[in-house]
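A quick write-up on the structure given underneath.
Positions are given from 1, in the same order as the sequence printed here. Atoms within each ligand, like the ligands themselves, are counted from 1 in listed order. Values below: all heavy atoms of this structure, side chains included; hydrogens, waters and symmetry mates excluded.
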Amino acid sequence: MSNLAIDGGAPVRSAPLPYGRQTIDEEDIAAVTEALRSDFLTTGPRIESFERAFGEVVSAPFAVAVSNGTAALHCAMHALRIGPGDEVIVPTVTFVASANCVLYQGARPVLVDVQPQTLLIDPAEVERKITRHTKAIIAVDFAGQPCDYEALRAIAQQHGIGLVADACHATGAALDGRAVGTLADLSVFSFHPVKHVTSGEGGMITTADAEAAMRMRRFRHHGMSRPQGAPAWSYEVADLGNNYRLTDFQSALGEQQLRHLSKWVTRRQQIAETYDQALLARPELTVLEKRPGVHHAYHLYVVRLRPEALRVDRDQVLAALRAEGILATLHYPPVHLQPLYRNKVGTHLGQCPVAEEATRWIFSLPIFPTMTNADQGDVLTALDKVLAAYRR
Ligand SMILES: *Cc1c(COP(=O)(O)O)cnc(C)c1O
């Protein structure tokens with residue numbers, strides 16, 4: 001008989017521990033309040049101020065703030081002039097938004113497999129999938145670890161195509177001393193509350209390309225622009241745009257949060273290090289590999305069960321952990337197996353074998369800066385309890 005909470009036993013925690021959550025302090029609240037009392041709720045000075053601050057943090061010449069990370073991805077597709085007939089290569093282990101942005105532009109997402117040890121896009125797979133229709137690659141810094149941008153940039157250059165970093169997991173990360181935000185033609189960030197810094201909802205694109213930045217600024221604002229010298233009340237619409245604007249009070253929150261970024265990334269790294277040490281010797285699971293030269297931002301801490309060591313599947317382990325009060329979860333079911341992609345894009349089972357196998361066994365443990373050592377102790381206690389009960 002097990003004493004697992006899922007079987008009626010006492011849970012490790014009575015207050016559930018989420019896998020991620022925001023940190024808001026009085027200064028954040030004051031910054032938002034000040035914005036609310038100002039003349040501008042939107043399209044005011046705080047947006048530019050946030051953009052400047054973010055651009056400085058990642059050493060990028062241009063930063064364009066938008067309403068969320070998904071809008072940021074869409075802006076990136078517009079900046080690269082992705083359209084019908086084009087193909088864009090996207091890894092299948094990612095949040096579905098990474099691929100949906102290609103569909104928004106009427107283009108074709110080509111979903112490719114990942115490397116087994118990191119779940120990052122496999123440059124060799126990218127090479128294999130390039131055709132004369134390929135216009136861009138979207139690399140995803142899964143869990144907060146930058147991809148192999150050296151290899152990806154070489155491929156992009158050789159074929160004359162765009163390289164986008166979906167860096168929504170990787171704010172504050174770096175590779176060989178270069179900040180994420182400068183490693184691709186366009187880098188996309190999200191400020192959703194589970195991400196490293198939040199503006200409630202929000203997103204940003206960084207680039208060194210002035211024209212791309214201008215195209216994205218127009219795209220977030222209905223495609224509107226004012227020709228030089230034209231009167232203040234006039235505008236011109238050359239491209240179809242959207243309303244993807246971030247508000248001033250969100251920008252105030254985002255800029256305020258940015259001050260904590262490096263400290264919060266350090267705390268995430270500490271938590272990851274403790275998990276690494278504690279899980280090293282566990283025969284029931286492995287952890288993802290960290291590539292050399294990586295300053296990891298640890299949006300997620302992902303573990304992978306070893307099926308040969310267990311009597312149950314991943315979903316049973318997740319359900320049992322959650323019953324113990326540890327809200328571990330799955331990132332992500334592979335995009336190519338979603339009905340939308342099977343039906344609209346023609347993807348199929350067997351297309352990305354590494355991802356298909358890995359995503360049967362992975363899950364994410366709680367990690368966020370204000371998680372205490374005691375919280376992490378609860379995670380490890382619950383994991384021990386569950387794995388002991390289900391060990392083969
Ligand atoms: C969070 C996230 C997005 C979307 O960001 P939103 O701000 O939620 O729209 C896109 N891609 C990845 C990999 C993400 O994690």
Which side-chain N or O atoms in residues 50-65 pair as donor and acceptor under 3.5 Å with protein atoms at least two apart or in another chain?
from	atom 1	to	atom 2	distance (Å)
E51	OE1	R217	NH1	3.1
E51	OE2	A65	N	2.8
E51	OE2	R217	NH1	3.2
E51	OE2	R220	NH1	2.9

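When heavy-atom distances to ligand 1 are checked against a 4.0 Å cut-off, Y332 comes that close only through its side chain, counted from C-beta outward. Contact annotation: for H169 versus ligand 1, heavy atoms closer than 4.0 Å belong to the side chain alone. Contacts between D166 and ligand 1 below 4.0 angstrom, taking non-hydrogen atoms only, involve the side chain exclusively. The side chain of T94, and not its backbone, has at least one atom closer than 4.0 Å to an atom of ligand 1 (non-hydrogen atoms only; side chain from C-beta on).
Interface of G69 with ligand 1, defined as ligand atoms under 4.0 Å from a residue heavy atom, comprises 5 (O), 6 (P), 7 (O), 9 (O).
Checked against a 6.0 Å centroid threshold, the rings of H336 and Y341 do not count as neighbours.
Between H299 and ligand 1, a contact under 3.5 Å exists for no N or O pair. Close N/O approach between T70 and ligand 1 is found [any backbone or side-chain N/O within under 3.5 Å].
Of the N and O atoms on the side chains of Y390 and Q316, at least one donor lies less than 3.5 Å from an acceptor on the other residue. Of the N and O atoms on the side chains of T274 and Q277, not one donor lies less than 3.5 Å from an acceptor on the other residue. No hydrogens or angles considered: a donor-acceptor pair under 3.5 Å links the side chains of D276 and Y301. Using modelled atom types and a 3.5 Å distance limit, the side chains of K263 and H260 yield a donor-acceptor pair.
The option from E201, M204, K195, H331 that lies nearest to atom 1 (C) of ligand 1, judged by heavy atoms, is K195.
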| task | Step by step, work out the side-chain hydrogen bond (donor to acceptor under 3.5 Å, both in side chains) result for H169 and Q145. | result | CA-CA 8 Å; H169 291 188; Q145 161 154 251; over 6 Å; no

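Not a single heavy atom of G203 lies less than 4.0 angstrom from ligand 1.
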